[in-house]
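Okay, so here's the structure we're looking at.
Both ligands and their constituent atoms are indexed starting at 1 by order of listing.
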Amino acid sequence: MNNSILLKTLAGEKTERPPFWFMRQAGRVLPSYLKLKEKHSFWEMMQNAEMGAKVTLLPVDDLGVDAAILFSDILVIPYAMGMGLDFTDRGPEFDVPLIERDNPLKALHPDPEKLNYIYEVIKQVVATKPAHIPLIGFCGAPLTVLCYMLEGIGRSKDFPKTIKYIYQHKETIKKLVESITELSIIYAKTQIKSGIKVFQLFETHAGLIPFELYKELFFPAVKKIAAAVREENIPFIYFPKDIGTGITQITPDMCDYLSIDWQTPMEVARKMVDTNIGLQGNIDPRLLYSDKASIERTLNTYVNFGSKNQDWIINLGHGFLPDVPYENARFLADWIKRTDWKR
Ligand SMILES: O=C(O)CCc1c2[nH]c(c1CC(=O)O)Cc1[nH]c(c(CC(=O)O)c1CCC(=O)O)Cc1[nH]c(c(CC(=O)O)c1CCC(=O)O)Cc1[nH]c(c(CCC(=O)O)c1CC(=O)O)C2
């Protein structure tokens, strides 16, 4: 029997309140996680099945979320494609960004086996999680993954060298996208075999280039990954952050649910997006820097939307930020549960 409020919503069933989970819900805000992080590196925690599963499930207890998301990262795909990756005190770093290579295509050696430890984490989560909590799997979408691979991590969020490279080497970009997509599909399918019940594709940097160029170069890859996931009867959530009015051109063959960033109000998004696609989003994570009364006033503006739209998953417009007070994250989660959604 399906007793998960998230899976019910995704299956089109009515629920008393919208389901919720948060991007970056395990890392960043939980005191229980920050304590573990004092002793163990991110790499250590995500590569150890017991510890990875424990961290994945922390927000279920500490925030009361309706789903867990795998504790891993989008950078595992570049790593499995042969890029040297290290998680240092300064954050993640690649040894040599692809742009510095003479032939980026030749520098890559995709090896799906290098992702095997992640499936052990998934199996351990499935073995230990509460029955009503589904596990969400994920990977980065091709443009976002490509930005980090070409230009490196933490240098610039605007990725100017990547954009220049896209304009100058379109054919190489197409081949790189194909290669990332191929491995992402193997990765997604094996996550499904290991026990995830929902999949989210993170296109965090969709807004970097004009929509028409994004559509030409990256929509085909998103469609392929979506089809591969949905073929296994797993709901597919697509998060193209900062895509703007591009949401009007997202078709039902691209996703079951579309995750909306904080820029577009939910009511406006609902009018713009194909009615066959459900919505997720879009609370500004920075709202949680505010005091509780102000937070609640803003949250109350979502009640009318939630009462009228059963096909809505509450989430943030992007992930939790590291310095958000835990008690405000908890306040948000509790508010969702105590609100009368008038459904
Ligand atoms: O932009 C950069 O410079 C790199 C950003 C960065 C990435 N992995 C990273 C970092 C460093 C950091 O988080 O401090 C490295 C990273 N990823 C993660 C952590 C855990 C932590 O914050 O302590 C960390 C920090 C590790 C460390 O201490 O070095 C975990 C992670 N990344 C991600 C997820 C999936 C999710 O968001 O729910 C999750 C698992 C869930 C969770 O932590 O609660 C996804 C992810 N990683 C990444 C991106 C791209 C863009 C972005 O972060 O804004 C995205 C997609 C997104 O959030 O939109 C890349």
When you compare ligand 1 with [X], is there at least one nitrogen or oxygen pair between them that comes in under 3.5 angstrom?
X	result
Trp21	no
Thr144	no
His205	no
Phe42	no
Gly91	no
Ala26	yes

query: Mind checking whether Phe211 and Phe219 have side chains closer than 4.5 Å, heavy atoms only?
result: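 Phe211 reaches Phe219 side chain to side chain.
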
message: Taking the cut-offs as 6.0 angstrom to the six-membered ring centre and 45 degrees off its axis, would you call Lys37 and Phe42 a cation-pi pair?
response: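 Ring-cation test returns no.
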
Report, in ascending order of atom number, the atoms of ligand 1 lying under 4.0 Å from any heavy atom of [X].
X	value
Gln25	44 (O)
Ile153	2 (C), 3 (O), 4 (C)
Phe71	20 (C), 43 (O)
Pro92	9 (C), 10 (C), 11 (C), 15 (C)
Phe87	15 (C), 29 (O)
Lys157	1 (O), 2 (C), 52 (C), 54 (O)

query: Taking the side chain from Thr264 and the backbone from Ala269, do they hold a donor-acceptor pair closer than 3.5 Å?
result: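 Answer holds: no.
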
query: Is the backbone N or O of Phe22 less than 3.5 Å from a side-chain atom of Gln25, with the two atoms forming a donor-acceptor pair by type?
result: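 Yes, Gln25 side chain to Phe22 backbone: donor-acceptor pair under 3.5 Å.
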
task: Can you see which heavy atom on Asp62 is nearest to which on Arg330, and at what distance?
output: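 Scanning both residues, the minimum pair turns out to be O-NH1, 3.1 Å.
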
- request: Give me the ring orientation class for Trp335 and Trp341: parallel if the planes are under 30° apart, tilted from 30 to 60°, perpendicular past 60°.
  value: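 The rings of Trp335 and Trp341 stand perpendicular, inter-plane angle above 60°.
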
- prompt: For ligand 1, is any non-hydrogen atom under 4.0 Å from Phe138's backbone (N, CA, C, O), its side chain (CB onward), both, or neither?
  reply: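 Answer for Phe138: side chain.
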
task: Answer yes or no: is there an ion pair linking Lys224 with Glu182, defined by an N-O contact shorter than 4.0 Å?
output: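 The answer is no: the pair does not qualify as a salt bridge.
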
- prompt: Taking NZ, NE, NH1 and NH2 as the nitrogens, is one of them in Arg338 or Glu296 under 4.0 Å from a carboxylate oxygen of the other?
  reply: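 Judged by the 4.0 Å cut-off on N to carboxylate O distance, Arg338 and Glu296 do form a salt bridge.
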
- request: Please confirm whether Asp89 comes under 4.0 Å of ligand 1, counting heavy atoms of the residue only.
  value: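 Not so, Asp89 does not reach ligand 1.
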
